[in-house]
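Being a predicted model, the structure only gives us computed values, none of them experimental.
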Amino acid sequence: MFDQVDPFIGTEATSLPAPSGLAATWWWPKPQVGNTHPGATYPFGMVSACAYSGAYPTGYGRYDLSTEGLPPVLHDRQVASGFTHFQQSGTGAIRKYYNYFRVTPMLRPLDDLGQTWDVLEEEASPGYYAATLSSGIRAEITVGPKSAVHRYTFPAHQDARLVIDFSLGGLDIPYGRTVPLRAHLGSVAPGVAEGEIVVEGAPLAVHVECDAPHWRQMLWYDRRLMPGGTRLDFDRIRPTTLRPFGLMWAGPTEAGQTVELRFGFSLRGVDQAHQTLVAECGPGPDTFDARRQRTETVWRQHLDKVVVDTPSSEKRTVMATALYHSLIKPCLAMDESPFWPTPGPFAFDLSTMWDIYRTHLPLMTALVPERSVELANALLQIAEEEGNFPIGYRMARGADRFSRQGSALAHTFLADLCALGLPGVDWDWALVHMHNDLRRTYGEDFLLRGKAHPISHTLDIAFGYWCTAVVAGRVGDRTLVDQFGPLAARWVNAYASDGLLADSTFYEGGKWNYSFRLMHDMAARIALTGGDGPFVDMLDRFFGFGADPVVQPGLAPGLDELTAGYALDRFEGLNNEPDMEAPWAYMYAGRPDRTAQVVHDVVQQQFSTGRGGLPGNDDSGGLSSWYVWATLGLFPVAGQNTYLVNAPAWREARIDVGDRPLAIETTGFVEPEPGGPAQFVQQVHLDGEPLDRPYLTGAELHSGGRLLIALGPEPSRWGTTHRPPSAPTPHGAGRHT
């Protein structure tokens, strides 16, 4: 799949064919842009690197701050003032992100630092980014897990230069700059420098080497050179006293001459940054091609874990890119925590659990379970040191800033890992933190009053207790299992008599968007609505069956337009996270045909090739991982160790689950088309045995094997009798295994 990846998908405003049929009734409230970037990345790596324009939200591209509708334009074309490190992937509405240590190749005086050049001849593939600036300088960048290597090809010039700005960070939007709190940098030897900036409480160190031995090496401050200076120290920096500062190499070039810059990064000081550079890039110089090849090899290994059979090169590109976007975040940085001295797993760019817990983390667990175990231990360490599991976690010091999105979402991830029996986690200790976390923040209201507002947090916390009971059962703590059962049952307190959630405030949605979450006791949830019929009728209304087409928000939508859109109480077309599970709620009411119809229209009409090929913010791969699962004909029920089965979008596919292949094959398959008819499951066989139930257990999926799905043009009886599991208490919760 490596050669089919297009990292430019999602980098510009959504540009999809006009939706038809059911898809035309869905309303998209969030920004219609993927917010991805095409920069060089490493699977779950700490470092990314890309052209920097200061645009929202990754620092790459053309757009200004946007929280709904089409994104407003900041630049009318692709421009860059240099190339930065550390970008988010697909996120939005958090205002500023990283973009530290900007490298600017120049043929002009230092006074011109900060000007932009047109970006021409862009190229990108996993682990590699290249562009030519209108100055005539060609830039190429590759990265390792904690390192980056730049290669610049210059025209002939008497005084070319490479300028590294230590002071820059964040975005070029109001209040979007990151101002370092403290900084120091210095020359270590000819062609070698190092330094550290403290940004949002996190010390980020760099060791940098330049392979132009005859060039001058100088520090600069406020765009003025400091000849002979070897060190700059800033003990305190205020926004009003900040002046740009950094270092520079300069010298004559012949046409076509290349110069490499090698960066090692660390959150634990310059010595560890140097060690990282040597470990990942060798002693140098001339390491660009070797580092690029090693990163490409790792990307190929990851991307080859999913294979699909399709005659469409466009669909293959969409799938390959979705898989690629699913494997960029979070950043796993072993032995790099700057906040506590102990070695071990550390993770950042959990942006955010609200975005990734449903689809992204289950995909990570399926493809690279050892990295999921690493992430689990990092989350436990964060809880150990900071007192809570994060909903979001950045390279920044401070309490969780995203708690209004959700509660207890790490519990779903941990419950799945525990149920699978993956080695490497101390589940007795995990149980302590899971239990403690449920009693903090919104958890206090939940315990005292039986529910918490925002009311969606009541569902989060109740399910958190159910997930924690899974772990309690695993370690044999029957007392906790018995305590957690009644607390898990409090999810019913979130619902009103009409079968929808009670009135409350909701994050990026309304009560309809949150009312169809896949809870642990869906049989009781459906009964609360009045049974299968009323529940299906409610879902049909939500998904727009029989409704008229709607008009999507345009540029800078007004309050009246947004209010009218939210009043539709409509599926958000995968433009937003709360609805991700909803298409599969039909299966618990015996209507897998409805799931097939909705998923078909999302898959075929909401994803495409080109820079505008995503319907909304990709959110660290949350959107892309949904596409990967849905097109395979599977959907993970997060926290419940269950995978729902639906009609796949590929004639054949293979997914390597922990290095064991699961082949997904079909009979009666017809290549799906946008606006065309859906296909419906007729029969399913797992390893030759009939599978009447519409789901796989986690153990079955992770064991690999052969899943044969017979398809047809009309709904069948398959999946209408045997429902996905509903369990007021976890299966086998009291057993010690």
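The main-chain N or O of Q87 is never found under 3.5 Å from a side-chain atom of T58 such that the two would form a donor-acceptor pair. At distances below 3.5 Å, at least one donor-acceptor pair connects side-chain atoms of N99 with backbone N or O atoms of Y97. In this structure, D211 contributes its side chain and V259 its backbone to no donor-acceptor pair below 3.5 Å. Remark: the backbone N or O of V163 is not paired with any side-chain donor or acceptor of R102 at under 3.5 angstrom. Checking side-chain atoms of Y63 against main-chain N and O of A13 turns up a donor-acceptor pair under 3.5 Å. Judged by distance alone, the side chain of D165 and the main-chain N or O of G246 form no donor-acceptor pair under 3.5 Å. Under a 3.5 Å cut-off, the side chain of D222 and the backbone N or O of R224 do not form any donor-acceptor pair. Checking side-chain atoms of T359 against main-chain N and O of G622 turns up a donor-acceptor pair under 3.5 Å. A donor-acceptor pair is defined here as one N or O able to donate and one able to accept, closer than 3.5 Å; such a pair exists between the side chain of S625 and the backbone of H360. Between the side chain of S608 and the main chain of L16, no donor-acceptor pair closer than 3.5 Å is present.
For the pair D159 and R216, the salt-bridge criterion is met [side-chain N within less than 4.0 Å of a carboxylate O]. Salt-bridge annotation for R300 and D3: present, with a side-chain N of the basic residue lying under 4.0 Å from a carboxylate O of the acidic one. A salt bridge does not link D6 to R611: none of the charged side-chain nitrogens sits closer than 4.0 Å to a carboxylate oxygen. A salt bridge does not link R223 to D111: none of the charged side-chain nitrogens sits closer than 4.0 Å to a carboxylate oxygen. The pair R182-E196 does not count as a salt bridge, with every side-chain nitrogen at least 4.0 angstrom from each carboxylate oxygen. A salt bridge is defined here as a Lys NZ or Arg NE, NH1 or NH2 lying under 4.0 Å from an Asp or Glu carboxylate O, and D289 with R291 fails to meet this definition. A salt bridge links D118 with R77; the closest basic N to acidic carboxylate O contact falls under 4.0 Å. Here E336 does not pair with R268 in a salt bridge; the nearest charged N to carboxylate O distance is not below 4.0 Å. Salt-bridge annotation for E280 and R294: absent, with no side-chain N of the basic residue lying under 4.0 Å from a carboxylate O of the acidic one.
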Ring pair (Phe, Tyr, Trp, His ring centres under 6.0 Å) evaluation trace for Y357 with F413: CA-CA 7 Å; Y357 83 93; F413 173 56; over 10 Å; no
Verdict with supporting geometry, V47 and F263, side chain to side chain contact (heavy atoms under 4.5 Å, CB included): CA-CA 10 Å; V47 180; F263 291 85; over 6 Å; no
From CA spacing to verdict: side chain to side chain contact (heavy atoms under 4.5 Å, CB included), S48, H37: CA-CA 10 Å; S48 58; H37 69 81; 4.2 Å; yes
Verdict with reasoning, M248 to L162, per side chain to side chain contact (heavy atoms under 4.5 Å, CB included): CA-CA 6 Å; M248 181 182 79; L162 288 171; over 6 Å; no
Derivation and outcome, ring pair (Phe, Tyr, Trp, His ring centres under 6.0 Å), residues W299 and Y42: CA-CA 7 Å; W299 267 118; Y42 190 92; 7.5 Å; no
Trace of the side-chain hydrogen bond (donor to acceptor under 3.5 Å, both in side chains) decision for Q217 with S187: CA-CA 8 Å; Q217 177 175 325; S187 295; 3.1 Å; yes
Intermediate values then yes/no, side chain to side chain contact (heavy atoms under 4.5 Å, CB included), T84 and F101: CA-CA 6 Å; T84 56; F101 301 113; over 6 Å; no
Verdict with reasoning, S624 to D618, per side-chain hydrogen bond (donor to acceptor under 3.5 Å, both in side chains): CA-CA 6 Å; S624 288; D618 194 49; 2.7 Å; yes
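The closest side-chain heavy-atom distance from V149 to I141 is not below 4.5 Å. With a 4.5 Å cut-off on side-chain heavy atoms, Y98 and T178 do not count as touching. Side-chain atoms of S620 and T91, non-hydrogen and from C-beta on, do get closer than 4.5 Å to each other. Within the 4.5 Å cutoff, the side chain of T142 has no heavy atoms near those of the Y129 side chain. Using a 4.5 Å heavy-atom threshold, the side chains of F44 and P330 count as touching.
Judged by distance alone, the side chains of T132 and R138 do bring a donor and an acceptor atom under 3.5 Å apart. Using modelled atom types, one finds no donor on one side chain facing an acceptor on the other under 3.5 Å when comparing Q4 with T317. Between the side chains of S15 and E12, no donor N or O sits under 3.5 Å from an acceptor N or O. Using modelled atom types and a 3.5 Å distance limit, the side chains of H274 and Q272 yield no donor-acceptor pair. For the 3.5 Å distance criterion, the side chains of E260 and Y152 fail to qualify, holding no donor opposite an acceptor. A donor-acceptor pair shorter than 3.5 Å cannot be found between the side chains of S147 and R262. A donor-acceptor contact closer than 3.5 angstrom is absent between the side chains of Q32 and N575. Using modelled atom types and a 3.5 Å distance limit, the side chains of T365 and S372 yield a donor-acceptor pair.
The aromatic ring centroids of F348 and Y393 lie 6.0 Å or more from each other. Outside the 6.0 Å centre-distance limit, the rings of F2 and Y324 are not counted as a close aromatic pair. A ring-centre distance under 6.0 Å is not found for Y60 and F8.
Atoms CG and CG, from D656 and L367 in turn, are 8.0 Å apart once rounded to the nearest 0.5 Å. Here the CG atom belonging to D271 is positioned 10.0 Å from the NE2 atom belonging to H207, to the nearest 0.5 angstrom. One distance of note links CG of L323 with OH of Y627; it measures 11.5 Å at 0.5 Å rounding. Atoms CD1 and CG, on I237 and L242 in that order, are 6.0 Å from each other to the nearest 0.5 Å. Once rounded to the nearest 0.5 Å, the distance linking OG of S135 with CH2 of W117 reads 6.0 Å. Within the model, atoms NE2 of H157 and OG1 of T253 stand 7.5 Å from one another, a figure rounded to the nearest 0.5 Å.
Among N35, I328, T41, D349, the single residue meeting the side chain to side chain contact (heavy atoms under 4.5 Å, CB included) criterion with S89 is I328. Only one option out of D355, L375, I391 pairs with L350 in a side chain to side chain contact (heavy atoms under 4.5 Å, CB included); it is L375. Of the residues K329, Q88, K30, the one that meets the side-chain hydrogen bond (donor to acceptor under 3.5 Å, both in side chains) test with D619 is K30.
A pairwise comparison of heavy atoms in P7 and H325 identifies O-NE2, 4.3 Å as the closest pair. Shown here for A80 and L133, the closest heavy-atom pair between the two residues is CB-CD2, 4.3 Å.
A cation-pi arrangement, defined by a distance under 6.0 Å to the six-membered ring centre and an angle within 45 degrees of its axis, is present between R292 and Y128.
The aromatic rings of F265 and H85 sit tilted relative to each other, their planes meeting at an angle between 30° and 60°.
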